[in-house]
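Read through the structure below, which is laid out as structure tokens, and then see the notes.
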Amino acid sequence: MARRTASLHKEYEKLLKEYGPQAWWPMRRGFAPKEWEVCVGAILTQNTNWRNVEKALDNLIKSNVVTPEATLKISSRRLEQLVRPSGFYRQKAIRLKTLAQFILSYGSFNDFKRIERHELLKVKGVGPETCDSILLYACGRPYFVIDSYTKRFVRSLGMEPANYEALRAHFESRLPKDVALYKEFHALIVEWGKRKTRTKL
DNA sequence: CCCCAGGCCGCGC
DNA sequence: GCGCGGCATGGG
């Protein structure tokens, strides 16, 4: 176990060599998403195919609902219709408004960025994966994201994934505390997962 | 027609 | 602290 897990960084290097550097968060319209868009994506992708999330993101962008302020201002009914393609749309509309309100209560997004993890986890609709996605990809903080792809990946290495926190500790304790590395490794794992399950692009 | 997708909440136990 | 049903759309 120790030998296998100690080589986690080598698994990273293998993926990097095979796939090349990935976008840190799915790139849309040819450029990297803004911080709030990452938060929105993290909520909308909960148990949902990213393709459906993109449709919802397109709707939000077309309607210029691209900030926490605009997300609070729009009616719940309208917001529901915009995010509808991503599924669970009533829940997700609520979660977006809740998160927007929460972030704005910090004043600026930059102030929000220093939030304690356990505080962000208290927000209704923000579970461990959504939380760490926001912390890593929107706040630039060194928290390794554990999602279904990550669990599949460690299983492919011959480990049984433990609970979320244990798995996160597993990654974080065996990798240099490096935000860029965490982002890249996670993106590579997602790419790995998509290639493995892809039947058709 | 059935299964799945980058979860999370609320409940019962 | 863990297991389970509910939440909903779109693609294979």
Side-chain angles (χ1 to χ4, degrees), chain A residues 11-12 15 19 22-28 32-33 35-60 62 76-103 117-139 141 143-157 160-172 182-201:
Chain A
E11 297 297 333
Y12 163 72
L15 286 177
Y19 300 155
Q22 305 294 306
W24 286 351
W25 186 262
M27 299 254 282
R28 306 181 60 265
E35 292 147 338
W36 174 245
E37 185 177 332
V38 172
C39 297
V40 173
I43 297 279
L44 295 186
T45 197
Q46 290 171 358
N47 199 37
T48 301
N49 193 304
W50 184 259
R51 294 180 70 158
N52 287 7
V53 175
E54 286 195 315
K55 296 177 200 297
L57 289 173
D58 285 340
N59 289 342
L60 291 168
K62 275 184 208 147
S76 297
R77 199 81 64 192
R78 278 256 291 145
L79 186 58
E80 285 179 359
Q81 293 314 309
L82 294 177
V83 303
R84 185 168 189 155
S86 72
F88 308 125
Y89 62 92
R90 295 187 191 90
Q91 277 191 358
K92 285 175 179 175
I94 294 168
R95 290 177 184 180
L96 289 179
K97 280 194 178 269
T98 303
L99 183 60
Q101 178 71 59
F102 183 78
I103 289 174
R117 184 174 186 273
H118 73 272
E119 292 296 331
L120 182 52
L121 275 174
K122 286 183 194 166
V123 177
K124 196 193 276 189
V126 176
E129 190 208 323
T130 306
C131 176
D132 292 331
S133 294
I134 291 171
L135 289 174
L136 180 64
Y137 289 100
C139 302
R141 304 265 301 277
Y143 291 92
F144 204 89
V145 177
I146 307 299
D147 57 21
S148 60
Y149 290 129
T150 317
K151 289 171 190 160
R152 257 178 263 166
F153 179 71
V154 299
R155 218 175 278 127
S156 81
L157 298 179
E160 260 319 294
N163 66 45
Y164 188 97
E165 289 305 323
L167 199 46
R168 184 169 70 82
H170 178 87
F171 275 83
E172 293 180 6
Y182 285 13
K183 289 179 177 179
E184 188 60 46
F185 198 1
H186 178 248
L188 286 164
I189 289 171
V190 171
E191 179 61 20
W192 171 89
K194 288 188 171 168
R195 291 193 190 205
K196 287 215 77 167
T197 62
R198 179 173 302 160
T199 54
K200 194 184 194 179
L201 186 67

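A, B, ... follow the sequence lines: proteins, then strands. Residue 1 opens every chain. Any value given below was found using the heavy atoms of this structure, including those in side chains, with hydrogens, waters and symmetry copies removed.
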>> Categorize A:Trp192 for me: base, sugar-phosphate, or nothing, with a 4.0 angstrom heavy-atom threshold over every strand shown.
In response: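 A:Trp192: no heavy atom of the nucleic acid under 4.0 Å.
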> What integer number of Å spans the P atoms of C:dG5 and B:dG6?
Replying inline: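 After rounding to an integer number of Å, I get 22 Å for this pair.
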>> Can you check the distance between C:dA8 and B:dG10, where both ends of the measurement are the P atom (answer in whole Å)?
In response: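 It works out to 14 Å between them.
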> Is there side-chain contact between A:Lys196 and A:Tyr149, with heavy atoms separated by less than 4.5 Å?
Replying inline: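 Sidechains of A:Tyr149 and A:Lys196: no contact.
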> Is the closest side-chain heavy-atom distance between A:Leu120 and A:Leu99 below 4.5 Å?
Replying inline: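 Yes - at least one pair of side-chain heavy atoms lies under 4.5 Å apart.
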Residues in side-chain contact (heavy atoms from CB on, under 4.5 Å) with [X], at least two apart?
X        : result
A:Asn49  : A:Arg51
A:Gln101 : A:Leu72
A:Thr98  : A:Ile94, A:Val123

>> Among residues 79-94 of chain A, which ones have heavy-atom contacts with DNA chain C below 4.0 Å?
In response: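 Hits under 4.0 Å, by residue number: A:Arg84, A:Pro85, A:Gly87, A:Phe88, A:Tyr89, A:Arg90, A:Gln91.
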> Can you list, by residue number, the residues of residues 145-154 of chain A that have a non-hydrogen atom closer than 4.0 angstrom to DNA chain C?
Replying inline: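 Heavy-atom contacts with DNA chain C come from no residue of residues 145-154 of chain A; none.
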>> Please enumerate all residues that pass ring-ring contact (aromatic ring centres under 6.0 Å, His included) together with A:Phe153, with sequence neighbours excluded.
In response: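 Counting only residues at least two positions away or on another chain, A:Phe153 forms a ring-ring contact (aromatic ring centres under 6.0 Å, His included) with A:Trp192.
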>> Tell me every residue that passes ring-ring contact (aromatic ring centres under 6.0 Å, His included) with A:Tyr137, counting only those two or more places apart in sequence or in another chain.
In response: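 Listed in chain order: A:Trp25, A:His186.
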> Do we see a donor-acceptor contact under 3.5 Å between the side chains of A:Thr48 and A:Lys92?
Replying inline: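 Note: A:Thr48 and A:Lys92 side chains meet the donor-acceptor criterion.
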>> Please determine whether a side-chain nitrogen or oxygen atom of A:Arg51 lies at a distance below 4.0 Å from atom OP1 or OP2 of C:dG12.
In response: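 For C:dG12, OP1 or OP2 has a side-chain N or O of A:Arg51 closer than 4.0 Å.
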> Below 6.0 angstrom between ring centroids: does that apply to A:Phe185 and A:Phe144?
Replying inline: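 Yes, ring centres under 6.0 Å apart.
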> What's the spacing between A:Glu35 CD and A:Ile103 CD1 if we round to 0.5 Å?
Replying inline: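 Going from CD on A:Glu35 over to CD1 on A:Ile103, the span is 9.0 Å.
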Just distance, no hydrogens or angles: give the donor-acceptor pairs under 3.5 Å from side chains in residues 81-90 of chain A, sequence neighbours left out.
residue: A:Gln81; atom: OE1; partner: A:Arg84; partner atom: NH1; Å: 3.4
residue: A:Ser86; atom: OG; partner: A:Val83; partner atom: O; Å: 2.8

> Going by the salt bridge (Lys or Arg N to Asp or Glu O under 4.0 Å) test, which pairs reach into residues 117-126 of chain A, not counting sequence neighbours?
Replying inline: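 Checked against salt bridge (Lys or Arg N to Asp or Glu O under 4.0 Å) - neighbours excluded - the pairs reaching residues 117-126 of chain A are A:Arg117-A:Asp132, A:Arg117-A:Glu165, A:Glu119-A:Lys122.
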> Do any pairs count as a salt bridge (Lys or Arg N to Asp or Glu O under 4.0 Å) and have a residue in residues 36-47 of chain A, sequence neighbours left out, and if so which ones?
Replying inline: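 Found A:Arg28-A:Glu37, A:Arg29-A:Glu37.
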>> Closest-nucleotide mapping onto DNA chain B: is A:Asn52 or A:Leu121 further toward the 5' terminus? I mean the 5' end.
In response: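 Its nearest nucleotide lies further toward 5', so the answer is A:Asn52.
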Rounded off to whole Å, could you give me the [atom1]-to-[atom2] distance for the [X] and [N] pair?
X       : N      : atom1 : atom2 : answer
A:Leu57 : C:dT9  : CG    : P     : 17 Å
A:Asp58 : C:dG10 : CG    : P     : 13 Å
A:Leu44 : C:dG10 : CG    : P     : 13 Å
A:Gln46 : C:dG6  : CD    : C1'   : 14 Å

> Using a heavy-atom cut-off of 4.0 Å to chain A, what are the terminal contacting nucleotides of DNA chain B, in 5' to 3' order?
Replying inline: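 Footprint of chain A along DNA chain B, 5' to 3': B:dA5 to B:dG10.
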> If you draw a 6.0 Å radius around CZ in A:Arg78, do more than 12 non-hydrogen atoms from other residues or ligands fall strictly inside?
Replying inline: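 No, the 6.0 Å shell around CZ holds no more than 12 heavy atoms from other groups.
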> Tell me, which of residues 122-135 of chain A have any heavy atom that sits under 4.0 Å from an atom in DNA chain B?
Replying inline: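 Those residues are A:Val123, A:Lys124, A:Gly125, A:Val126, A:Gly127, A:Pro128, A:Glu129, A:Thr130.
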